[in-house]
Protein chains: 2
Amino acid sequence: MFYPQTIQKLIECFKKIPGIGDKTAERYALAVLDLDEDVINQFAQSISDSKSKIKRCTKCNNYAEDDLCDICKDKKRDKNLLCVVEDPKSIVLFERIGSYNGYYHVINGLISPLEGINPEDINLDALIARIKKDKVKEVILAVKPSIEGETTSLYISKLLSNTDVIVSKIAHGVPLGTEIDYVDTLTLELALENRKKVTEDK
Amino acid sequence: MFYPQTIQKLIECFKKIPGIGDKTAERYALAVLDLDEDVINQFAQSISDSKSKIKRCTKCNNYAEDDLCDICKDKKRDKNLLCVVEDPKSIVLFERIGSYNGYYHVINGLISPLEGINPEDINLDALIARIKKDKVKEVILAVKPSIEGETTSLYISKLLSNTDVIVSKIAHGVPLGTEIDYVDTLTLELALENRKKVTEDK
């Protein structure tokens, strides 16, 4: 209550963003006061647009400004490949690699019986229907390697077991540039299991 | 460019705040998308208000929504005490203590010949004029203990040397709850110099 009401309100707004605490919110709000007027206007506009303009792609659930997202609109991609991800942010991670040329499908969550999230809650029906309709040849599961992720992957591959769609999963192992000492046991076990031959076949 | 333009713009806005990098800006922007509509509206409004409604108190330079800030408006405070601080944020730090009952004066910067900031740039004239006009009895210097802070403190006390205003400075020393090992040498030296007698006078 030591700041004028306008600043106090701004601090409260910053605090609504997960991960921003009292001190950080205060610092950000004071920093906003020092921004140029055009940045301020743009900032206020973008925040307000984020609710009114951003919707989900009707085909893949990615963020979109129209009915279809930019990726689903792109006809030049490989229709045979469909990468299944948990959230729209993952799409950006894969797009940054630059080499993947297929489409995506956001399932918006993972199966988690403990949290009461069942298969029907994450809308897998739409995924399966789309795979059949678009005649997808390979489904790449790219969800996080947690129990929920594994359960979801397993469930999707079961749903597709009576089709001739290839179901694959991104590789797990030791990340590049990491000291092997810092990698957890489970990852190391997976890395060992999924080892790749480096000598030529004899 | 992997996000729709609206999200991309929001990310760019967050990046204008000092200390927010690419990844954090992205995380905040996506978090904004998940906020409730009323929070979004409030957020956009607060940001836009921060430029239009917040000005500086004409008396002490604190943030204010009117000509005078809430503290300068408060007639119940001790007119004899004036605490000189570098920025409005410092006022909040002192107000949180709850026990200081005087007024403040924000000098908006410190003398720093290296950065080309001279005494006239931080508007000390207004401070001195105010001290004389309001018949302040004690000026408490509460700027940060850097070379710039010390220079500024020294300069202000010189300006007041031919008056009977008491000039004091907040104490520097070992902060409470700190391991003495982690305190820098200069602070420790100050703490030693400014030691306080704990035995009774004999």
Side-chain angles (χ1 to χ4, degrees), chain A residues 1-14 16-20 24 26-57 62-66 69-71 87-89 91-96 98, chain B residues 1-20 24 26-57 62-66 69-71 87-89 91-96:
Chain A
M1 309 302 104
F2 301 117
Y3 286 110
Q5 211 189 6
T6 306
I7 301 182
Q8 201 61 46
K9 272 188 194 163
L10 186 55
I11 294 175
E12 292 306 319
C13 287
F14 272 113
K16 300 278 184 200
I17 297 178
I20 299 188
T24 311
E26 189 180 335
R27 192 163 62 77
Y28 288 168
L30 297 185
V32 166
L33 294 180
D34 291 333
L35 295 178
D36 290 339
E37 190 153 359
D38 52 332
V39 177
I40 292 274
N41 294 339
Q42 173 74 72
F43 206 158
Q45 191 61 48
S46 303
I47 287 188
S48 136
D49 284 353
S50 73
K51 207 69 186 181
S52 57
K53 286 200 186 165
I54 295 295
K55 31 193 184 177
R56 292 303 188 99
C57 171
N62 187 11
Y63 293 129
E65 294 190 5
D66 302 315
C69 73
D70 290 345
I71 294 170
D87 50 36
K89 204 185 166 182
I91 295 186
V92 174
L93 299 178
F94 283 99
E95 284 300 289
R96 281 197 183 126
Chain B
M1 304 297 100
F2 300 119
Y3 286 109
Q5 210 189 8
T6 307
I7 300 182
Q8 201 60 48
K9 272 187 194 162
L10 186 54
I11 294 176
E12 292 305 318
C13 288
F14 271 114
K15 276 167 64 182
K16 300 278 184 200
I17 297 178
I20 299 189
T24 312
E26 188 181 337
R27 192 162 63 75
Y28 289 167
L30 296 185
V32 166
L33 294 179
D34 292 333
L35 296 177
D36 290 338
E37 192 156 354
D38 52 331
V39 177
I40 292 274
N41 294 339
Q42 173 74 73
F43 206 158
Q45 191 62 48
S46 303
I47 286 187
S48 134
D49 284 354
S50 73
K51 206 70 188 181
S52 56
K53 285 198 186 165
I54 295 295
K55 31 192 184 177
R56 292 302 187 98
C57 172
N62 188 11
Y63 293 129
E65 295 189 5
D66 303 315
C69 73
D70 290 346
I71 294 170
D87 50 37
K89 204 182 166 183
I91 294 186
V92 174
L93 299 177
F94 284 98
E95 284 300 288
R96 281 198 182 123

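Everything numeric in this text was worked out from a predicted model, so none of it was measured. Naming: A, B, ... by sequence-line order, numbering from 1 per chain.
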Return a table of donor-acceptor pairs under 3.5 angstrom between the side chains of residues 27-43 of chain B and protein atoms on other chains or two or more places apart.
unit_1: B/Arg27; atom_1: NH1; unit_2: A/Pro18; atom_2: O; d: 3.4
unit_1: B/Tyr28; atom_1: OH; unit_2: A/Tyr28; atom_2: OH; d: 3.0
unit_1: B/Asn41; atom_1: ND2; unit_2: B/Glu37; atom_2: O; d: 3.4
unit_1: B/Gln42; atom_1: NE2; unit_2: B/Ser46; atom_2: OG; d: 3.2

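- Using a 4.5 Å cut-off between heavy atoms, A/Lys53 contacts chain B through its side chain alone, with no backbone atom that close.
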**Steps toward salt bridge (Lys or Arg N to Asp or Glu O under 4.0 Å) verdict (A/Glu26, B/Arg96)** = CA-CA 14 Å; A/Glu26 189 180 335; B/Arg96 281 198 182 123; 3.2 Å; yes
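- The part of B/Ile20 that comes within reach of chain A is its side chain, from C-beta onward, which places non-hydrogen atoms under 4.5 angstrom from that chain.
- Listed by chain and number, the residues in a salt bridge (charged side-chain N to carboxylate O under 4.0 Å, His left out) with B/Lys15 are B/Glu12, B/Asp22 (sequence neighbours excluded).
- For B/Gln5, the parts sitting under 4.5 Å from any heavy atom of chain A are the backbone and the side chain alike.
- Taking 4.5 Å as the limit, some side-chain heavy atom of A/Tyr3 sits within range of a side-chain heavy atom of B/Lys89.
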